[in-house]
Amino acid sequence: MASNKQNKLAFLSMPAPASYVAGLGRGASGFTTRSDIGPAREGPSAEAIAEAQAKRGEEADVDPDQFQDPDNEYGLFAGTTYEQDDEEADKIYDSVDQNMDARRRARREARENAELAKHRAERPKIQQQFADLKRGLSVVTDSEWESIPEVGNLTRKKRRRDERTFVVPDSVLVGDRSKTEYENSLDSRQQQAGGFETPAESGALTNFVEIGQARDKILSLKLDQISGTSTSSGLSTSVDPKGYLTSLNSVVLKSEAEIGDIKRARMLFDSLVKSNPKHSPGWIAAACLEEHAGRMVAARKLIKAGCEQCPKSEDVWIEAARLHNNDDAKVILANAVQHVGQSVKIWLAAADLEHDVKAKKRVLRKALESIPNSVRLWKETVNLETSASDARILLSRAVEVIPLSVELWLALARLETPDRAKAVLNKARKSVPTSHEIWIAAGRLLEQEALLPDKPADARDKELEVVDKTIEAAVRELRRHQVLLTREQWLKEAEKCETDGSVRTCEAIVKATIGMEVEEEDRLDTWVGDVESAEARGLVGTARAILAYALKVFPDKRHLWRKAADLEKAHGSSESLDEVLSKAVHYCPQAEVLWLMSAKEKWLAGDVPAAREVLEKAFVANPESEQIWLAAVKLEAENGELGVARELLVRARTVADTERIWMKSAVFERQQGQYTTALETVSTALSKFPKFAKLYMIQGQIHQAAKNHPAARAAYAAGLKACPKDVTLWVLASKLEELDGKSIKARALLEKGRLVNPAHEVLWAEAVGVEERAGGSAQAKAMLARGLQECPASGVLWSMSIWAEPRPTRKSKSVDALKKSKDNPLITCTVARLFWAERKIEKARQWFGRSVATEADRDLGDNWGWWLRFERQHGTPEYVEEVVKQCAVAEPHHSPVWQSIAKDDKNVGKSTKEILELVAAALQFFLCVIEYI
């Protein structure tokens, strides 16, 4: 049994398996050495791997990073040079990408904006959600604000306090204990050494005064040496201390980021010039970089290398000359001429380096020997000549060398006498038959000769006709030579001639070319647009010429004559205006406006008999014209011929018999104090025209002036019954009741008027005024709020609402008013008055100007009155005069205060300027402005 027992340790004497590693099973593996793995050997090559993969039918693995940008110097193009063709290809691809992106940009931006608007609508900002509440905080009173409870714990729950304790260190306790102690004994070292005194070597005290004097002396010696005032030889320098300090101030300190950028750019440019040394812009950029970095020596070395590598590039040579001083630059450009002798830039740069005129001439003439066909060189050479004869000789040679240069021909013609200039222009026309500039110059020369002061009128007219024929011939010849200038190009040439002072040549060009490229049915609209465009640019002569041609084609168009008369009135003389109006009434005898304009201009000029004569001719052409009859009556009444004016009114009522003539008759009698006659005239007119509201107003006003309130009330009642849609009648009736002390009845009338005429701002404004005058401010605010709900774009109501607000909230209210009323002139004037109250003078002046900007805005007289009042308080006499002048031109007729003053019987016959003075005196500031002042 014992002999058959197996030995468990027998494996120790056995050889180890082939793959056995001691300790590998328990993770205790040892180091592997070269003796363990045997000698090194190469693995399979890339060709062998590819061949094996091909045999097995596998595809080779592709490195995704091998097709990279050649600038990265990696991949397929790592060893190639980045040439100009590659750069052009990159630019083409970039432009294609940009075009593709621009094609989708509009739709993408529209989609993004729509999504953003939808997101903002669904999820508005907290600021937007509480905007109305924040605005409402402005009306919170002090008592309400103080009654707001303080923020605190309202949950009535006891919160657990996080109380923690810490152990205080002993050092704190010891320091606190010794804080109040006092030392009452000396230190042991002090007792031994007799104190902590610093021993001196010699026992003497330091003299700081002598040290300061020595320092000052040394500093003065250094400054003398720097400034060059020292007497010692060899110590002075040429440094200017003031200039040195100035240069120190001009030193730009670069940050670390800028220095890093310069280093990176230097590396890029270095790589560029090494990879492509024939690329001249690279050398220039590298030199500019060094110049920017303040390394001028390095910049000059680089540009010198660039000149050696790119000797045919004129830009490199010019940059090299710029980087050097004047003497070195001359040498550089002299070398440049040896390589690029045909470069105009090089020669001009060399001429600019010369400070002497003779030296410049010498350089330029040498340049002309090398490049005789350069127009620019000839022009520069001629410009240097101070003598006209020398310049003429040079230009004669220039046109022989370059016969196709129009500029040189025209310059030569300008230097010649008129007779020889004609010969020069004829030669130029033969040499360059396709140039329109030469033909225009010939026309201008003829006009210049014709306008000489010693020419008789007949000869002048004949020579001016030659100008027209010359331009017509120019158009024909240019067409024959297949030179087709567009209509816009010819108009630009005409405008250029007017700018240069050749008005007749401008007119000739317009006559010859204005009808080109325009359809027959579009001629009138096109020409009117051209006139407006030219007038807007201040080219009155061009606009006048276009109108003259249009009136020849369309002599029966009234609006054309009106536009011509307005043009002459704004930019012409009284004689030219009279001539235009005379032609206008001849071709359009039925145009009442033209007759009235002619008569008015003669009246304003002080020629009353001529104005009467014009109106007599107008009567013959328009016997039943209401406007002409009334103009004749006004003319006679303004000149004191009251009897003649009354007879004219009687004849007008017989011949024309219109409601307006009857109304003017009643107004005339009332102005003369004939109230009984005026009432009779009104009664007769009402029997003929019972639906004319102004007759009822005149009748009621006459009774009201006579203190006959029942009769006035009856007149207004009859008018309201016959004309319930007339707002002014309702307002007059309400004012009569308010004047009689019956505010309740005035409110009732206005309420009834609003029912008949809904959403009318005048009735609402009058209702608010009634409440304010009655002393009910709360009722007035309520009425104003109701009015704004019904008339949200009313300028009158918004203006009243702004002034009803407290002073701090008026600006925000005015912003809302401007948005809702779309820049109403009343709101604009109100905003100007707000700036006035805040002493913002320039802003107030700008807003007053905006309140009378358009033609409709200028008709509001109260705005002019406020502006005049403002300028009198804060402006200069020139500003005041300008406001009065503009108001006289505008001739306003509306606005409450203006109408009440202008239609007052006491102010009959007064001019616009006088009415403006009365309106400015009558206007009063609101209470807030008075308190502010």
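- Using modelled atom types, no side-chain atom of S598 and backbone atom of L594 make a donor-acceptor pair closer than 3.5 Å.
- When all heavy atoms of D726 and A693 are compared, the pair lying nearest together is OD2-CB, 3.5 Å.
- Remark: R670 is not positioned above the aromatic ring of Y675, lacking an NZ or CZ atom under 6.0 angstrom from the ring centre and at most 45 degrees off the axis.
- Results of the side-chain contact (heavy atoms from CB on, under 4.5 Å) test with Y716 over E737, Q699, K735, Q704 single out Q704 as the only residue that passes.
- Considering CD1 of I841 and CD of Q873, their distance stands at 7.5 Å, rounded to 0.5 Å.
- No donor-acceptor contact under 3.5 angstrom links the side chains of D816 and W798, judged on distance only.
- Looking at S801, its side chain never comes within 3.5 Å of a backbone N or O of L797 through a donor-acceptor pair.
- Side-chain atoms of K742 never come within 3.5 Å of backbone atoms of L736 as a donor-acceptor pair (strictly under, hydrogens ignored).
- Proximity of L567 to K563: side-chain heavy atoms (C-beta onward) are nowhere separated by under 4.5 Å.
- Under the 4.0 Å criterion applied to side-chain N and carboxylate O atoms, E891 and K600 are assigned as salt-bridge partners.
- At least one side-chain heavy atom of V831 sits less than 4.5 Å from a side-chain heavy atom of L818.
- Counting heavy atoms from C-beta outward, R833 and W803 have side chains that approach closer than 4.5 Å.
- Side-chain N or O atoms of Q886 include none that pairs as donor or acceptor with a backbone N or O of V883 at under 3.5 Å.
- The two atoms that bring G861 and S895 nearest to each other are N-OG, 3.3 Å, heavy atoms only.
- In plain terms, the two heavy atoms of A817 and I827 that are nearest each other are CB-CG2, 3.9 Å.
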Does the pair K811 and E838 meet the rule for a salt bridge (charged side-chain N to carboxylate O under 4.0 Å, His left out), with working shown? CA-CA 11 Å; K811 279 191 177 180; E838 296 177 358; 3.4 Å; yes
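- Remark: K910 pairs with N907 by the side-chain hydrogen bond (donor to acceptor under 3.5 Å, both in side chains) rule, at least two apart or across chains.
- Residues L729 and M697 form a side-chain contact, since some pair of their non-hydrogen atoms from C-beta on lies under 4.5 Å apart.
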Could you go through L860 and W898, starting from their C-alpha distance and side-chain angles, then the distance that decides it, and tell me whether this counts as side-chain contact (heavy atoms from CB on, under 4.5 Å)? CA-CA 8 Å; L860 301 177; W898 184 278; over 6 Å; no
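- Considering every non-hydrogen atom in both L581 and A565, the closest pair reads CD2-CB, 3.7 Å.
- Here CH2 of W629 is found 6.0 Å from CG of L648. Values are rounded to the nearest 0.5 Å.
- Using a 4.0 Å cut-off between charged nitrogen and carboxylate oxygen, E790 and R754 do not count as a salt-bridge pair.
- Other residues, nucleotides and ligands contribute over 12 non-hydrogen atoms within 6.0 Å of the CG atom of L739.
- Within the 4.5 Å cutoff, the side chain of S794 has no heavy atoms near those of the W764 side chain.
- Although no hydrogens or angles enter the test, the distance criterion places a donor-acceptor pair under 3.5 Å between the side chain of D859 and the main chain of H893.
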Show your working on side-chain hydrogen bond (donor to acceptor under 3.5 Å, both in side chains) between S799 and T830 and close with a plain yes or no. CA-CA 6 Å; S799 179; T830 303; 2.8 Å; yes
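- To the nearest 0.5 Å, the span separating OH on Y696 from CG on L686 amounts to 5.0 Å.
- Among all heavy-atom pairs drawn from A666 and I698, the shortest one is CB-CG2, 4.4 Å.
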Would K906 and D904 count as a salt bridge (charged side-chain N to carboxylate O under 4.0 Å, His left out) if you check the C-alpha gap in whole Å, the side-chain angles of each, and the deciding distance to 0.1 Å? CA-CA 5 Å; K906 301 175 184 178; D904 194 349; 5.1 Å; no
Given the rule in the salt bridge (charged side-chain N to carboxylate O under 4.0 Å, His left out) test, do R747 and E771 qualify, once you have shown the distances and angles that lead to the verdict? CA-CA 8 Å; R747 292 191 189 96; E771 298 298 341; 2.6 Å; yes
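- Side-chain contact of E568 with S576: a donor-acceptor pair under 3.5 Å is present, judged by distance alone.
- A distance of 7.0 Å separates OH in Y879 from CD in E871, rounded to the nearest 0.5 Å.
- To the nearest 0.5 Å, atoms CD (Q789) and SG (C791) are separated by 11.0 Å.
- Inter-residue side-chain proximity for S851 and D857 is flagged as unmet; no heavy-atom pair is nearer than 4.5 Å.
- Aromatic ring pairs are classed by plane angle as parallel below 30°, tilted from 30° to 60° and perpendicular above 60°; the pair F848 and F870 is tilted.
- Salt-bridge formation is detected for the pair D657/K688: a Lys NZ or Arg NE/NH1/NH2 atom is positioned less than 4.0 Å from an Asp or Glu carboxylate oxygen.
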Determine whether H571 and E535 satisfy the following criterion, side-chain contact (heavy atoms from CB on, under 4.5 Å), listing intermediate values before the conclusion. CA-CA 10 Å; H571 304 285; E535 186 179 4; 3.8 Å; yes
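- Atom-to-atom distance recorded for Q627:CD and I661:CD1 is 10.5 Å, nearest 0.5 angstrom.
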Test W730 against H760 for side-chain hydrogen bond (donor to acceptor under 3.5 Å, both in side chains), laying out the working first. CA-CA 12 Å; W730 290 101; H760 204 290; over 6 Å; no
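- Remark: R653 qualifies as a cation-pi partner of W662 under the 6.0 Å distance and 45° angle criteria applied to the six-membered ring.
- By the 4.0 Å N-to-carboxylate-O rule, K664 lies too far from E669 to be salt-bridged with it.
- Of the residues L732, V796, L750, the one that meets the side-chain contact (heavy atoms from CB on, under 4.5 Å) test with E766 is L750.
- With contacts defined as side-chain heavy-atom distances shorter than 4.5 Å, the pair E842/F835 does not qualify.
- For V889, there are no side-chain contact (heavy atoms from CB on, under 4.5 Å) partners at least two apart in sequence or on another chain.
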Kindly indicate, with the supporting measurements, whether the criterion salt bridge (charged side-chain N to carboxylate O under 4.0 Å, His left out) is fulfilled by K569 and E601. CA-CA 9 Å; K569 185 177 180 180; E601 292 302 325; 3.7 Å; yes
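- Using a 4.0 Å cut-off between charged nitrogen and carboxylate oxygen, R713 and D740 count as a salt-bridge pair.
- Side-chain atoms of D862 come within 3.5 Å of backbone atoms of V897 as a donor-acceptor pair (strictly under, hydrogens ignored).
- With a 4.5 Å cut-off on side-chain heavy atoms, R850 and D823 count as touching.
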Residue pair E592, S625: steps toward the side-chain hydrogen bond (donor to acceptor under 3.5 Å, both in side chains) verdict: CA-CA 8 Å; E592 302 171 358; S625 174; 2.9 Å; yes
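- Residues satisfying the side-chain contact (heavy atoms from CB on, under 4.5 Å) test with D578, not counting sequence neighbours, are S582, K602.
- Taking a cutoff of 4.0 Å between a charged side-chain nitrogen and a carboxylate oxygen, E855 and R858 qualify as a salt bridge.
- A distance-only check finds no donor-acceptor pair linking the side chain of N863 to the backbone of G849 [under 3.5 Å].
- Not a single donor-acceptor pair under 3.5 Å links the side chain of T809 to the backbone N or O of E805.
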